[in-house]
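Have a look at the structure below before the remarks.
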Amino acid sequence: METFPKIISVDDHTVEPPNVWRDRLPSRYRDTGPRIVRAPLKEMTFLGGKFAPVMGAKGDDGPIGDWWVYEDLHRPLTRLDTAVGYDRDEIKLEVITYEQMRPGSFSVPERLADMDVNHVQSALCFPTFPRFCGQTFTEAKDRELGLLGVRAYNDWMVEEWCGPEAGGRLIPLTLIPLWDARLAAREVRRNAARGVRAVAFSEIPPHLGLPSIHTDEWDPFLRACDETGTVIAMHIGSSSRMPSTSADAPPAVGSTITFANCCFSMVDWLMSGKFERFPNLKIMYAEGQIGWIPYILERANVVWGENRGWGGVADKVHRPPSELFAEHVYGCFFDDAFGLRNLGDIGVGNVLYETDYPHSDSTWPKSREVGEAQMGHLDPDVVERIVRGNAIDLLGLTPEGLWAGPGA
């Protein structure tokens with residue numbers, strides 16, 4: 001391509017600096033709120049989609065890493081959290097310290113510099129320690145502390161990570177207290193009042209022990225999103241259960257089928273009736289890729305057309321699922337040549353681009369080259385929409401592709 005649009009990535013990640021919660025929580029939570037401890041690794045496995053690290057005691061043998069400690073949780077920083085800059089064959093499941101990661105993982109100036117290297121103008125970032133939709137706080141015992149933790153993260157996200165230093169190039173994505181839909185609605189409205197237009201949510205809430213979207217339990221939250229124009233962003237793994245096939249399946253199995261939870265989730269939403277009850281609702285699937293979407297839409301249409309009488313959806317889904325998808329759902333990809341060859345069966349307006357910085361799958365620093373290779377057959381106006389135009393419209397960015405800041 002002669003020119004390639006500046007990228008707006010809708011799925012990157014931030015590694016939270018050590019002081020995010022210590023600076024914002026009441027002093028009485030200093031010893032129980034999230035904090036960083038440097039300690040050895042005793043053992044760590046990642047099989048069957050389950051990550052299981054064990055922190056050693058001071059003086060024990062084992063590699064040293066930085067660990068988030070919160071109530072009874074011990075979660076290390078790992079090379080998979082921040083792998084950019086390393087050769088693919090050098091990326092292993094190992095603990096690391098902040099000094100061993102690329103500074104752009106947690107520092108705004110260095111992040112902006114790495115975005116420049118990668119032809120990226122703006123980026124929406126998912127969390128690391130809270131996990132992709134705040135499950136860490138949902139699983140904690142102390143609900144009062146959990147709510148304070150969610151709010152502290154959101155304040156840091158809006159005021160610091162996406163603050164003046166970022167110049168509108170970092171787009172806020174906030175969390176909710178998943179255990180209470182009414183509290184979640186208040187948090188959506190609190191952040192929408194300061195210009196936030198995206199909130200993280202679980203792809204399959206029942207995997208977290210929460211109600212499904214087929215109930216009315218989430219309606220206060222969905223109503224808040226509908227009324228404020230807040231996009232519901234669901235990342236692969238946001239149900240704390242990556243797809244796999246057996247307890248001893250190697251990570252490569254799950255990595256190949258990471259889209260599966262997105263697939264299941266999208267069918268849930270299309271058959272839930274929520275899009276007709278909340279007509280302004282928009283959802284997006286981060287890191288789910290897009291090549292699987294055409295068949296699912298075809299199959300969903302067939303089931304709705306032929307089986308809705310006994311399928312439990314005739315009274316709440318009154319239009320073909322493919323029509324609902326076109327108006328409400330966005331697929332996100334960073335490397336999906338097959339999906340782009342079948343773009344006509346997905347919809348130009350329903351696709352967003354991402355770089356996944358700084359994860360091991362990231363196309364950094366060659367996201368432009370990957371895009372040029374995979375989108376070379378598309379018209380320039382189509383490329384413009386996929387790489388930035390759709391994100392501008394969906395996330396309420398300025399025409400230049402920037403977040404306008406609090407009050408936007």
Anything under 3.5 Å between a donor and an acceptor, one on a side chain of residues 116-128, the other on a protein residue two or more places apart or in another chain? List them.
from, atom 1, to, atom 2, distance (Å)
D116, OD1, R169, NH1, 3.1
D116, OD1, R169, NH2, 2.9
N118, OD1, K366, N, 3.3
N118, OD1, S367, N, 3.0
N118, OD1, S367, OG, 3.4
N118, ND2, S367, OG, 2.8
H119, NE2, F4, O, 2.7
H119, NE2, P5, O, 3.3
Q121, OE1, R388, NH1, 2.7
Q121, OE1, R388, NH2, 2.9
Q121, NE2, E400, O, 2.6
S122, OG, G401, O, 2.6
T128, OG1, T14, O, 2.7

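Taking every heavy atom of both residues into account, S322 and L297 meet most closely at CA-CD2, 4.2 Å.
Partners of R38 by side-chain hydrogen bond (donor to acceptor under 3.5 Å, both in side chains), not counting sequence neighbours, listed by chain and number: D66, E99. Under the salt bridge (charged side-chain N to carboxylate O under 4.0 Å, His left out) criterion, R190 pairs with D155, E187, sequence neighbours left out. The side-chain hydrogen bond (donor to acceptor under 3.5 Å, both in side chains) search around D315 returns none, not counting sequence neighbours. Remark: D114 engages R102 in a salt bridge (charged side-chain N to carboxylate O under 4.0 Å, His left out) (not counting sequence neighbours). Qualifying side-chain hydrogen bond (donor to acceptor under 3.5 Å, both in side chains) partners for D335, counting only residues two or more places apart in sequence or in other chains: Q374. The side-chain hydrogen bond (donor to acceptor under 3.5 Å, both in side chains) search around E276 returns H318, not counting sequence neighbours.
Residue pairs meeting the salt bridge (charged side-chain N to carboxylate O under 4.0 Å, His left out) criterion with at least one member in residues 342-354: none, sequence neighbours excluded. Within the structure, the side-chain hydrogen bond (donor to acceptor under 3.5 Å, both in side chains) test picks out the following pairs touching residues 265-275 (sequence neighbours left out): H214-D268, D219-K274, S265-Y285. Residue pairs meeting the side-chain hydrogen bond (donor to acceptor under 3.5 Å, both in side chains) criterion with at least one partner in residues 140-150, sequence neighbours excluded, are R28-E144, Y29-E144, D72-K141. Sorted by first and then second residue, the ring-ring contact (aromatic ring centres under 6.0 Å, His included) pairs with a member in residues 83-104 read Y98-F106; sequence neighbours excluded. Applying the salt bridge (charged side-chain N to carboxylate O under 4.0 Å, His left out) definition to pairs two or more places apart or across chains, those involving residues 156-167 are R24-E160, E159-R194.
For an aromatic pair to be called close, the ring centres must be under 6.0 Å apart, and F201 with F221 satisfies this. Taking the six-membered ring where the residue is Trp, the centroids of F275 and F325 are separated by 6.0 Å or more. Ring centroids of Y70 and W21 are separated by 6.0 Å or more, keeping the two rings apart.
Looking only at distances, a side-chain donor or acceptor of R35 sits under 3.5 Å from a matching main-chain atom of D31.
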